[in-house]
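Read through the structure below, which is laid out as structure tokens, and then see the notes.
For ligands, and for the atoms within them, numbers begin at 1 and follow the listed sequence.
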Amino acid sequence: MPHDIVFTDQCNELAETAREIAEKYVRPMSKKYDELQEYNHEAARAVADAGLFRVFIPKEYGGYGAGILALARVTEELARADSGFGVAFAVNALGSFPIILGGTEEQKQRWLPHIAAGEKFVAFCLSEKFAGSDAGGLSVTAVEDGDEYVICGEKKWTTNGGVADVYSVFCVTDPTSKSRRISAIVVEKGTPGFEVKKVENKMGIRCVPVVETHYDNVRVPKANLIGGRPGMGFKHAMMTLDSARPGVAAQAVGAAQGALDLALVYANRRRQFGAPISSFQMVQKMLADMAMKTEAARWLVYAAASAIDTGLKNTTKGAAMSKCFATDVAMEVATDAVQVFGGYGFMEDYPIAKYFRDAKILQIYEGTNQIQRMVIARNLIKEAESLAHLEDYIPNEEQVSYRGDEVPVDA
Ligand code: CAA
């Protein structure tokens, strides 16, 4: 059902602050950190000083409690300047959501105020070498030993790994159970046996580290078991992704808008056949399509985000739709932006090539777009139960169960 999307003054002000930081600390440094494949600590400090890490943390724990819509708006503005920095910011929300949504009061008091203040960065450790889309098929184990869990195994694709201080790690605590196999446990940087091993060499989003995290008999107190009850991990992971996917979708909207901005400036400036290329209808069509898709994605993201803030039931489908649609748009818009730039677009001398490289991962992480479509379809099929009143308008059972060796009634 449609619902009101309300932009509070606070939400608008936070987005404005994010835009200023993006133009001052992110865009000018974007090329440098992309080339060096290093984290932009200066920009992260500016984000922390401006209080932007408080956006997604509830008020009781030092945050603004500004909600998922505000998180999306801030992420969009940062990603507009540099998609990699957009995820460097938003992944802190992804890593915090298991604690926010599933943690005990003590756990929230312990970690969230530090995350809100930007004193501690966070990472989300779900994927493994052999468990990506099949998030339930994990193999990292956490075995009880007195007051502790002992964690063993390896995690793959940990965004923010090395930079982060707090890791939400999804582990198998009950291999015999089907539905209560997994638990989320917080591992803090510096815990003996915990190591960041392989720092990946990536095609895009190079300013944020993506690593393997290794756990060699890592002992953590049972107090770090998120929610205090084993077996809740898969649910916590799914609830987290439902809340985080509009954030990655917002990153995609920012990336698409950023690529469109550059394509527009270039199309007005670049002259061929004695006129700016923006005066040619085929270029105009590309620019118009890019703008329409970006705007459609933006409002789908705002709708999905504000549905969560409004407390609507079953926001899983909306979150998946926003993620899938917006990230496909980002890839298409970035591709067309390169086309507008012609040969210059293909060169690493200009940032537009980076928008193209950065866009690809959006369709892959936080659940591939194939998984998003599966989630959307599963929900649609479930919802179709409420459409029973339309059954008089479809072929009846005999007609739809035609197997080829029978003549259908109306044939
Ligand atoms: N909310 C709450 N519970 C949920 C849920 C949701 N959205 N979706 C499923 N569940 C529950 C189900 O109700 C079920 O509970 P019971 O056992 O009690 O009945 C249980 O979880 C299992 O559900 P499914 O049978 O639907 O599970 P599945 O094995 O078929 O998998 C899936 C579902 C949607 C494919 C899931 O595995 C998935 O989302 N995979 C993608 C993983 C992913 O997104 N990884 C990204 C990693 S993060 C990342 O990339 C971050 C980064 O670096 C930036």
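- Salt bridge status for Arg298 with Glu76: present, with a side-chain N to carboxylate O gap under 4.0 Å.
- Residues in residues 178-205 take part in these ring pair (Phe, Tyr, Trp, His ring centres under 6.0 Å) pairs, two or more places apart or across chains: Tyr167-Phe194, Phe194-Tyr215.
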Every pair of nitrogen or oxygen atoms between ligand 1 and the protein that is under 3.5 angstrom apart - can you list them with their distances to 0.1 Å?
residue: ligand 1; atom: 7 (N); partner: Asp242; partner atom: OD2; Å: 2.8
residue: ligand 1; atom: 7 (N); partner: Thr316; partner atom: OG1; Å: 3.4
residue: ligand 1; atom: 18 (O); partner: Lys235; partner atom: NZ; Å: 3.4
residue: ligand 1; atom: 26 (O); partner: Arg378; partner atom: NH1; Å: 2.8
residue: ligand 1; atom: 30 (O); partner: Arg378; partner atom: NH1; Å: 3.4
residue: ligand 1; atom: 30 (O); partner: Arg378; partner atom: NH2; Å: 3.0
residue: ligand 1; atom: 37 (O); partner: Ser133; partner atom: O; Å: 3.3
residue: ligand 1; atom: 40 (N); partner: Ser133; partner atom: O; Å: 2.8
residue: ligand 1; atom: 44 (O); partner: Arg245; partner atom: NH2; Å: 2.8
residue: ligand 1; atom: 44 (O); partner: Gly367; partner atom: N; Å: 3.0
residue: ligand 1; atom: 50 (O); partner: Glu366; partner atom: N; Å: 2.8
residue: ligand 1; atom: 53 (O); partner: Thr159; partner atom: OG1; Å: 2.7

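- Ala88 meets the side-chain contact (heavy atoms from CB on, under 4.5 Å) test with Tyr39, Phe85, Val208; sequence neighbours excluded.
- Counting only residues at least two apart or on different chains, the salt bridge (charged side-chain N to carboxylate O under 4.0 Å, His left out) pairs with a member in residues 45-60 are Arg45-Asp49.
- Looking at Tyr33 and Glu42, their side chains never bring a donor and an acceptor atom within 3.5 Å of each other.
- Taking the ring centroids of Phe121 and Phe53, they lie under the 6.0 Å cut-off.
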